[in-house]
Protein chains: 2
Amino acid sequence: MPNSTLEHEAFARKLAGSGLRSTPQREVVYNVLMQKRDHPTAEEVFTRVRERRPGISLATVYNCLETLAQCGLVRQVNLEREPTRYCPNLLPHAHFHDEETGAILDVDLPASLLDKLKVVLPRGYEASVIEIAFRGRARPPLSARRTVQSA
Amino acid sequence: MPNSTLEHEAFARKLAGSGLRSTPQREVVYNVLMQKRDHPTAEEVFTRVRERRPGISLATVYNCLETLAQCGLVRQVNLEREPTRYCPNLLPHAHFHDEETGAILDVDLPASLLDKLKVVLPRGYEASVIEIAFRGRARPPLSARRTVQSA
DNA sequence: GCAGCCAATTGGAATGATTCCGGATAGCAA
DNA sequence: TTGCTATCCGGAATCATTCCAATTGGCTGC
């Protein structure tokens with residue numbers, strides 16, 4: 001099962017790789033992100049985490065998210081001027097931002113496309129990160145709709 | 001000469017096209033952006049504009065920038081969590097963000113590449129805007145360097 | 001040319017996401 | 001245990017940006 005939640009062990013190892021500790025708070029924050037991968041904001045993560053760990057503070061949630069981003073377990077997603085969102089999908093992907101609903105969709109990027117992208121950079125410019133965001137409307141085909149149409 | 005500053009006339013016409021007026025403040029803000037196309041922040045635009053128009057307020061600069069973005073004369077550029085920057089380059093292009101210097105470089109995007117990008121979207125998703133940002137280091141080849149190397 | 005009207009401008013206050021700070025805790029090491 | 005450092009915490013501070021209410025400016029029709 002790809003992209004499944006890391007075991008405690010693997011989680012701790014990943015953090016240790018950056019000289020960081022695994023803590024209950026960090027683990028809960030990570031699990032919350034993995035459970036509902038809808039690109040929540042820090043505030044949203046906070047309310048979800050509090051259900052499992054009522055004592056946790058917002059500052060800690062920010063710290064944990066920052067820490068997880070540092071060691072590469074999650075990705076920060078900045079769209080427009082909106083609050084930062086968090087994404088545990090580590091595969092190379094772009095984001096589609098639905099202007100109507102605000103929903104964010106991960107869009108897989110083939111390696112071939114990434115290669116073509118790097119080529120547009122002038123000589124001497126080397127990118128360690130490429131961020132791609134689409135903005136527009138989603139008009140899913142009928143076959144993909146789950147909602148019942150009014151008769 | 002492509003991309004040259006618009007004449008008052010053309011400037012006013014472009015604004016009028018969105019039902020907006022040309023005002024001295026808007027014109028100065030626009031001219032400042034055209035004169036030094038280094039992706040300044042609103043605050044930077046403010047200090048530059050004040051040299052020509054000491055009375056202008058920061059609120060007005062924000063308003064003007066917003067207005068110019070609305071009618072398509074400039075583009076807002078959001079990188080990471082930094083303050084919004086403004087760019088009068090209307091051709092389709094990406095941005096390269098130098099991690100060391102903070103400098104931002106416009107990178108032209110061939111239409112063919114944009115076509116390939118749109119293809120990665122699932123059926124029913126239509127993007128009106130595609131934003132691409134590279135982050136990394138610039139290591140210009142010697143032949144392109146202007147600074148004198150120490151002997 | 002003048003009254004009326006709406007857009008634009010302005011300074012200052014408010015907002016809101018995020019960071020900072022100083023002290024309390026907790027887990028590991030000796 | 002004692003100490004040491006990383007982590008956590010609540011609250012204050014930051015800072016880009018937006019909001020607001022009041023003024024100004026520029027047309028439109030008379």
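Proteins get letters first, then strands, A, B, ... in listed order; numbering begins at 1 in each.
The nearest whole Å value for the distance from the CG atom in Leu65(A) to the C1' atom in dT19(C) is 14 Å. In this structure, the CZ atom of Phe46(A) is 14 Å from the P atom of dT18(C), given to the nearest Å. The OH atom of Tyr62(B) sits 13 Å away from the C1' atom of dT15(C) (whole-angstrom rounding). For Arg21(A) and dT5(D), the CZ to P distance is 11 Å, given to the nearest whole Å. We find that CZ of Arg26(A) is positioned 8 Å from C1' of dA6(D), with the value rounded to whole Å. Computed from coordinates, the Glu66(B) CD to dA16(D) C1' distance equals 14 Å when rounded to whole Å. Between the CG atom of Asn63(A) and the C1' atom of dT19(C) there is a distance of 9 Å, rounded to whole Å. Note: CD1 (Ile56(B)) to P (dG11(C)) measures 10 Å, nearest angstrom.
Here the nucleotide nearest the side chain of Thr60(A), chosen from dC8(D), dT17(D), dT10(C), is dC8(D). Here the side chain of Leu20(B) is nearest to one of dC20(C), dA8(C), dC8(D), namely dA8(C). Between dT10(C), dT18(C), dT17(D), one nucleotide has an atom nearer to the side chain of Leu58(A) than all others, and that is dT18(C).
Cation-pi check for Arg13(A) over Phe11(A) is not met; the charged atom does not lie both under 6.0 angstrom from the ring centroid and within 45 degrees of its normal. Under the 6.0 Å distance and 45° angle rule, Arg26(A) does not count as a cation-pi partner of Tyr30(A).
Across all strands shown, Thr41(A) has no heavy atoms under 4.0 Å from either base or sugar-phosphate atoms.
The phosphate of dA17(C) (OP1 or OP2) has no side-chain N or O of Arg81(B) nearer than 4.0 angstrom. Regarding contacts with the backbone of dC8(D), a side-chain N or O of Thr23(A) is found under 4.0 angstrom from either OP1 or OP2. Dashed line: the shortest gap from a side-chain N or O of Thr67(A) to OP1 or OP2 of dT7(D) is not under 4.0 Å. For Gln25(B) and dG25(D), the shortest distance from a side-chain N or O to OP1 or OP2 is not below 4.0 Å.
Ser18(B) contributes no side-chain N or O that, together with a main-chain N or O of Leu20(B), makes up a donor-acceptor pair within less than 3.5 Å.
When all heavy atoms are compared, the tightest approach of Gly136(A) to Phe96(A) is C-CZ, 3.6 Å.
Summary of the strand contacts: Asn78(B) and Ser57(A) both lie near DNA chain D, and taking for each the nucleotide with the nearest heavy atom, the more 5' one is attributed to Ser57(A).
Counting only N and O atoms by type, the side chains of Arg135(A) and Ser128(B) include no donor and acceptor under 3.5 Å apart.
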